[in-house]
Amino acid sequence: MEVSAFRQKVFNATQEIPQGKVTTYKLLAAAIDCDSSQAVGQALKHNPFAPSVPCHRVVRTDLSLGGFAGKTEGPEIKKKKNLLLKEGIRFCDNRFVDPSHLFTFDPDDAV
DNA sequence: ATTATGACTTATT
DNA sequence: GAATAAGCCATAA
């Protein structure tokens, strides 16, 4: 299956996210090309690069976990929380308590 | 080409 | 603060 350039950018940027940090769909969208986070979320949900792309490090602008494994809630979300906790990120239930984990893309990372 | 959907965001109620 | 509506961009049918 071919991947569109847009998705390539999304996956690339997602891989750029350092461990122990998270980014938001909006920042990701802004870092690549479009201002639409929705399209970014769509690209991540396809996730052809599965574990190679730390999609669990991508969260909503509200610092909430958002979704995972194609679902907005369920045991998959629990897994996402667990992964983030292992990364050293702290949050309360579905919401981050420390925005310091928010990673912002640098100009060199965006094409 | 047009309609419908979505791991979203913002505004309004 | 929670729920609803409208808006934005990309993909699928």
Side-chain angles (χ1 to χ4, degrees):
Chain A
M1 176 176 177
E2 296 182 27
V3 182
S4 299
F6 180 80
R7 289 185 176 179
Q8 282 288 337
K9 289 197 229 173
V10 175
F11 304 136
N12 181 41
T14 304
Q15 287 174 63
E16 290 288 298
I17 304 171
Q19 183 189 38
K21 292 214 168 186
V22 293
T23 192
T24 69
Y25 295 103
K26 192 184 217 176
L27 285 172
L28 197 50
I32 55 179
D33 194 346
C34 316
D35 294 325
S36 206
S37 0
Q38 182 104 55
V40 174
Q42 287 300 65
L44 285 176
K45 120 180 148 188
H46 286 187
N47 199 3
F49 291 90
S52 304
V53 175
C55 38
H56 60 267
R57 288 184 197 149
V58 185
V59 298
R60 287 185 52 176
T61 306
D62 215 51
L63 299 185
S64 54
L65 297 185
F68 192 58
K71 306 159 84 155
T72 56
E73 54 178 37
E76 310 302 346
I77 298 297
K78 207 194 309 188
K79 180 83 189 269
K80 184 171 181 175
K81 292 201 295 189
N82 191 10
L83 286 169
L84 292 171
L85 285 170
K86 291 182 73 159
E87 297 284 305
I89 299 169
R90 295 172 187 268
F91 52 90
C92 189
D93 196 25
N94 275 16
R95 199 125 166 197
F96 288 86
V97 295
D98 190 348
S100 303
H101 298 128
L102 187 60
F103 166 72
T104 51
F105 290 90
D106 289 304
D108 290 333
D109 291 336
V111 185

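Order of the sequence lines fixes the chain letters, A, B, ..., with proteins taken first and strands second; residue numbering starts at 1 for each chain. Note: hydrogens, waters and symmetry copies are ignored here, and every other heavy atom, side chains too, is used. From a predicted model like this one, the values you see are computed outputs, not experimental measurements.
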Exercise for the section: Grab the CG-C1' distance between A:Leu63 and B:dA7 for me, whole Å please. Expected result: 16 Å
Practice task
Using the six-membered ring wherever Trp is involved, compare the ring planes of A:Phe49 and A:Phe11 and label them parallel, tilted or perpendicular (cut-offs 30° and 60°).
Solution key: tilted
Handout entry: For atom CG of A:Leu27 and atom C1' of B:dT9, their distance in whole Å
Key = 13 Å
Practice task
Identify the residue among A:Ile17, A:Thr23, A:Leu83 that makes a side-chain contact (heavy atoms from CB on, under 4.5 Å) with A:Arg57.
Solution key: A:Ile17
Practice task
Can you tell me the distance, in whole Å, between the NZ atom of A:Lys81 and the P atom of B:dA7?
Solution key: 18 Å
Problem - Rounded distance in Å - NZ (A:Lys45) to P (B:dC8) - result: 10 Å
For nucleotides 1-4 of chain B, tabulate all protein N/O to nucleotide N/O atom pairs closer than 3.5 Å, reporting atom names and distance.
none

Every protein N/O within reach of nucleotides 2-10 of chain C N/O, cut-off under 3.5 Å:
residue, atom, partner, partner atom, Å
C:dC9, O4', A:Ser36, OG, 2.2

Handout entry: Distance-only polar pair, side chains of A:Asp62 and A:Ser64, donor-acceptor under 3.5 Å
Key = no
Fill in the blank from the handout: note: A:Asn47, atom CG; C:dT11, atom C1'; distance rounded to Å ~ 16 Å
For nucleotides 10-13 of chain B, list the nitrogen or oxygen atoms of the protein found under 3.5 Å from its nitrogen or oxygen atoms, one pair per line.
residue, atom, partner, partner atom, Å
B:dT10, OP1, A:Lys26, NZ, 2.2

Handout entry: Value in whole Å for how far the P atom of C:dG1 lies from CG of A:Asp62
Key = 10 Å
Exercise for the section: Pick out which of A:Val58, A:Asn12, A:Val10, A:Thr14 makes a side-chain contact (heavy atoms from CB on, under 4.5 Å) with A:Val53. Expected result: A:Thr14
